[in-house]
*Asks:* 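Here you go, one structure.
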Amino acid sequence: MKQEAFPLIFERGGKGRRAFKLPSLDVPEVEAREKERYSAYFRTEAPLLPEVSEPELIRHYTGLSNRNFGVDTGFYPLGSCTMKYNPKINEKIARLPGLTDLHPYQPEETVQGALKLMYELKTMLAEITGMDDFTLQPAAGSHGEFTGLLIIRAALEAEGKKRRKVIAPDSAHGTNPASVSMAGFEAVSIPSDERGRVDLRALKDALDDDTAALMLTNPNTLGLFESDIVEIVEAVHAVGAYVYYDGANLNAIMGKSRPGDMGFDVVHLNVHKTFSTPHGGGGPGAGPVGVKAHLTPYLPLPRIEREGAEKGEARYTLIYNAPKSIGRVRGFAFSFGVLVRAYSYIRALGGKGLKQVSEDAVLNANYLLSRLKEAYDLPYPGPVKHEFVLSGSRQKAHGVRTLDIAKRLMDFGFHPPTIYFPLIVEEALMIEPTETETKETLDAFAEALLTIAREAATTPEVVKGAPQSTPVGRLDEALAARKPVVVYRPDKERS
Ligand SMILES: *Cc1c(COP(=O)(O)O)cnc(C)c1O
């Protein structure tokens, strides 16, 4: 069923219509002060605003909101992104007036509860990951990577080591090499082996006394746990380099294994993936970074500390001074509201609940994979952890590309999975169902993908012509990105 095209707000309404009218002025009009000085900023023409009645206004925005696709409206199996359902209780907690009415410049004695919350959160994250301390500052996963690399750089400098290279596997998330360059290092890519895991020999060949660190995502972006993890960590440490754990995929291993126990020095988490805080839309987000004891002196400032707990008089303070710290990585202390949601999520589930999250995420991924692997190629065999990567190469033989399959899924009411990533899989379809979906949803999604595979073989034009049910069909994505039209130019008549 095709949805109607949606008019711009400027195409609604009519001349002189208003949603809201101010009463006419009943006090004497006065001249603006220093009018001359600011005259350059005065309008000479009335602004171009839509002229709509209140119901038209409300229907416009409500209509637009109905066109959004989100995890609250449907299945969103975007691989690598963990688009799981965010329990609404988190929102309720984060909206408590005692939390929302705080000001970052309030005296510390008046925000002890808020600081306690953050202190407890970092302690819980340290326990979940097996690290010694955490900073809650970074505002995103990639910002966490950048922060972690600056910590490693500071530590190397303190050791008198000048090292330039940071190694990451070719399956790494694009933010890894980007963070490496931003932190002033040189990114070195190593190939994956035929099992889709780190090629130990290639790693050992790349390691030398110019290596600053290895950045590793585990489970990797193919959804596979690095089976040689201990050997990998030992090899990196043997050349005096650090091991960095990209923990964006923690949803697969919570309560099962911990980066700290695997020997990692630094880890970042994506609370907007694993701990169900808001996701996307440009933030604010949070990407806390955990370190082992030998790196705690370099953590950014301010740091949150507790004193007097042993005497039963715990007091929480923000520390703004530490000689070896890398300094600030953002304004104020942290994305407080986002982190309250993570705190609420962790406390609601507890240790057992978090473990079950991972077990269910892995179960769902493997169930879906088992339903799909006859119809689509699976270049790197499972069992997998929380996600898997199919290849559309069999469908490509019929002239149907993975992009077509993704677009066709929209006609079945599903958000398409991540496509063409990781780069090491031809025509990749990267699917992450998450633990919050029911078997019925997984079955419906599997049926849609099986139908599309049949269509690709028998009626490829249907798949290539998708989507048919959306207000607009295929967009010229390159043009939309390079020449976005963000200004409305009304026709003469209306202006
Ligand atoms: C999402 C993700 C990132 C980046 O996190 P952002 O919060 O989007 O900056 C890094 N690494 C991996 C493996 C990811 O999945």
Side-chain angles (χ1 to χ4, degrees), residues 71 76-84 86 125 129 135-150 166-183 187 189 192 196-198 213-226 229 243-254 259 264 266-290 329-330 334-335 338-339 341-342 358 361 365 384-389 415 417-425 428 430-434:
V71 80
Y76 205 141
L78 204 59
S80 190
C81 293
T82 314
M83 302 301 286
K84 66 193 199 183
N86 298 344
L125 294 179
T129 54
T135 172
L136 301 176
Q137 282 210 342
S142 43
H143 193 198
E145 292 169 21
F146 178 64
T147 304
L149 288 166
L150 290 186
V166 175
I167 302 170
D170 58 1
S171 62
H173 196 273
T175 52
N176 286 191
S179 302
V180 168
S181 330
M182 276 192 68
S189 174
S192 306
R197 292 170 166 95
V198 168
L214 168 74
M215 281 186 101
L216 201 63
T217 306
N218 190 36
N220 65 25
T221 54
L222 294 165
L224 301 170
F225 195 93
E226 292 291 349
I229 198 78
V243 268
Y244 182 102
Y245 195 104
D246 180 330
N249 292 341
L250 206 76
N251 214 48
I253 61 159
M254 277 187 298
F264 282 80
V266 186
V267 58
H268 89 259
L269 304 178
N270 284 48
V271 297
H272 45 286
K273 293 178 182 171
T274 314
F275 299 110
S276 104
T277 71
H279 201 150
V289 172
V329 295
R330 63 168 294 150
F334 26 65
S335 301
V338 172
L339 293 166
R341 291 165 171 91
S358 292
V384 292
K385 289 284 175 239
H386 62 304
E387 67 189 357
F388 56 92
V389 184
H415 194 287
T418 299
I419 55 173
Y420 298 106
F421 178 78
L423 303 175
I424 54 174
V425 172
M430 186 192 208
I431 301 173
E432 180 177 9
T434 85

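Just so you know, ligand 1 is whichever comes first in the structure, and atom 1 is the first atom listed for that ligand. Every heavy atom of this structure was used, including side-chain atoms; hydrogens, water molecules and symmetry mates were not.
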*Asks:* Answer yes if the side chains of Ser192 and Asp170 hold a donor-acceptor pair under 3.5 Å, and no otherwise.
*Replies:* yes
*Asks:* If you measure every N/O of Asn270 against every N/O of ligand 1, is any gap under 3.5 Å?
*Replies:* yes
*Asks:* Going by atom types alone, do Ser80 and Glu387 pair a side-chain donor with an acceptor below 3.5 Å?
*Replies:* no
*Asks:* Tell me the closest heavy-atom pair linking His268 and Asp246, and the distance in Å.
*Replies:* CE1-OD1, 3.1 Å
*Asks:* Between Ser335 and Arg330, is there a side-chain donor-acceptor contact under 3.5 Å, judged purely by atom types and distance?
*Replies:* yes
*Asks:* With respect to Thr221, determine whether any N or O atom, backbone or side chain, lies less than 3.5 Å from an N or O atom of ligand 1.
*Replies:* no
*Asks:* How long is the gap from CD on Glu226 to OG1 on Thr217, to the nearest 0.5 Å?
*Replies:* 9.0 Å
*Asks:* Ala248 heavy atoms, cut-off 4.0 Å: which ligand 1 atoms fall inside?
*Replies:* 2 (C), 11 (N), 12 (C), 13 (C), 14 (C), 15 (O)
*Asks:* What atoms of ligand 1 come closer than 4.0 angstrom to any heavy atom of Thr175?
*Replies:* 3 (C), 4 (C), 10 (C), 11 (N)
*Asks:* Search all heavy atoms of Leu222 against all heavy atoms of Pro422 and return the closest pair with its distance.
*Replies:* CD2-CG, 3.7 Å
*Asks:* Side chains of Asn249 and Lys385: is there a donor and an acceptor less than 3.5 Å apart?
*Replies:* no
*Asks:* His268 to ligand 1: N or O pair under 3.5 Å?
*Replies:* no
*Asks:* Measuring from the heavy atoms of Ser80, does anything fall under 4.0 Å of ligand 1?
*Replies:* yes
*Asks:* Select the closest option to atom 1 (C) of ligand 1 among Lys273, Met215, Glu387, judged by heavy-atom distance.
*Replies:* Lys273
*Asks:* Which atoms from ligand 1 have a heavy atom of Thr217 less than 4.0 Å away?
*Replies:* 13 (C)
*Asks:* Which of parallel (below 30°), tilted (30 to 60°) and perpendicular (above 60°) describes His272 and His279?
*Replies:* perpendicular
*Asks:* Near Asp246, which atoms of ligand 1 are under 4.0 Å from a heavy atom of that residue?
*Replies:* 10 (C), 11 (N), 12 (C), 13 (C)
*Asks:* Going by the order shown, which atoms of ligand 1 are within less than 4.0 Å of some heavy atom of Glu145?
*Replies:* 10 (C), 11 (N)
*Asks:* Where's the contact between His143 and ligand 1, heavy-atom distance under 4.0 Å: side chain, backbone, both or neither?
*Replies:* neither
